[in-house]
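Only one structure is covered here, and it is reproduced in the block below.
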Amino acid sequence: MSEFFSLFTSIQTVIASIGLILATSSFISGLQLVKGASFIEGRIHRINGFSSITLYTALAVLAFATEGLRIWSDLAWITGFLVILLKISIVRKRRRRSFKYVSWIGGTLLLMWLFLVYIHIPV
């Protein structure tokens, strides 16, 4: 059974897939928060967000460990992390004007996770 599992997937693929699911759930709950949702949805959004950031960091560390230091790859991982930090800083300011940009950045984060799943699919 373990041979079958290792033939069709890797730990990076599993982490990227779980991260995509959490990022999608976080994006949907974030859109509901902008509309004025409940306290529970806010907690779900925050837990999904922190979990996806943790998985993103784990994927970046695995990439650094397996591929070594490569300038373009490292720059892409750092840029993705800066997008995450930008979204968090916009949300922390809590200005109603800036909330319209949060959904665009959330969509960008979702696309980033789609790309991460795509590059980790075994061929």
Side-chain angles (χ1 to χ4, degrees):
M1 182 67 171
S2 65
E3 294 167 357
F4 177 79
F5 183 73
S6 66
L7 177 64
F8 291 107
T9 190
S10 66
I11 190 68
Q12 290 94 341
T13 306
V14 172
I15 291 173
S17 299
I18 293 170
L20 176 64
I21 292 167
L22 287 173
T24 304
S25 175
S26 181
F27 179 69
I28 291 169
S29 62
L31 288 177
Q32 291 172 346
L33 281 176
V34 171
K35 293 178 183 178
S38 70
F39 175 77
I40 299 297
E41 289 172 349
R43 289 288 178 196
I44 291 171
H45 178 69
R46 183 170 287 189
I47 290 169
N48 287 340
F50 284 136
S51 300
S52 64
I53 290 170
T54 303
L55 292 176
Y56 183 85
T57 306
L59 275 175
V61 168
L62 281 171
F64 294 147
T66 58
E67 298 174 9
L69 295 177
R70 297 184 333 193
I71 190 75
W72 291 111
S73 176
D74 298 345
L75 188 62
W77 284 107
I78 292 169
T79 303
F81 195 68
L82 290 175
V83 169
I84 292 169
L85 291 179
L86 175 67
K87 181 186 179 288
I88 291 172
S89 69
I90 289 173
V91 170
R92 296 285 179 190
K93 289 183 182 180
R94 298 216 182 255
R95 292 184 197 154
R96 292 305 284 179
R97 278 185 318 173
S98 62
F99 277 165
K100 64 182 176 182
Y101 300 112
V102 174
S103 63
W104 284 96
I105 294 175
T108 303
L109 292 173
L110 189 61
L111 290 175
M112 181 177 65
W113 275 105
L114 280 170
F115 179 72
L116 284 173
V117 168
Y118 175 75
I119 64 171
H120 289 295
I121 291 175
V123 240

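Distance check: I53 CD1 to L109 CG gives 8.5 Å after rounding to the nearest 0.5 Å. Separation of atoms OG1 (T57) and CH2 (W77) is listed at 9.0 Å; rounding is to 0.5 Å. The line from CD1 of I15 to CG of L22 is 12.0 Å long, rounded to the nearest 0.5 Å. Annotation: the span from L111 atom CG to L20 atom CG amounts to 10.0 Å, rounded to 0.5 Å. From F64, atom CZ reaches atom CG of L62 across 11.0 Å, with rounding to the nearest 0.5 Å.
Tracing side-chain contacts under 4.5 Å through hydrophobic residues (I, L, V, M, F, W, Y), one never reaches I44 starting from I47; they form parts of separate clusters. Follow the hydrophobic side-chain contacts under 4.5 Å out from L59 and you never reach V61; the two are in separate clusters. In the hydrophobic clustering of ILVMFWY residues, with side-chain heavy atoms under 4.5 Å counting as a link, I84 and F115 come out together.
Heavy-atom neighbours of L82 CG from other residues, nucleotides or ligands within 6.0 Å: above the threshold of 12.
Heavy atoms only, all atoms of each residue included: S52 and G19 are closest at CB-O, 4.4 Å.
Judged by distance alone, the side chain of S25 and the main-chain N or O of I21 form no donor-acceptor pair under 3.5 Å.
Under the salt bridge (charged side-chain N to carboxylate O under 4.0 Å, His left out) criterion, no residue pair touches residues 15-25, with sequence neighbours excluded.
Ring orientation note: the planes of Y56 and F81 are close to parallel, at an angle under 30° on the 30°/60° scale.
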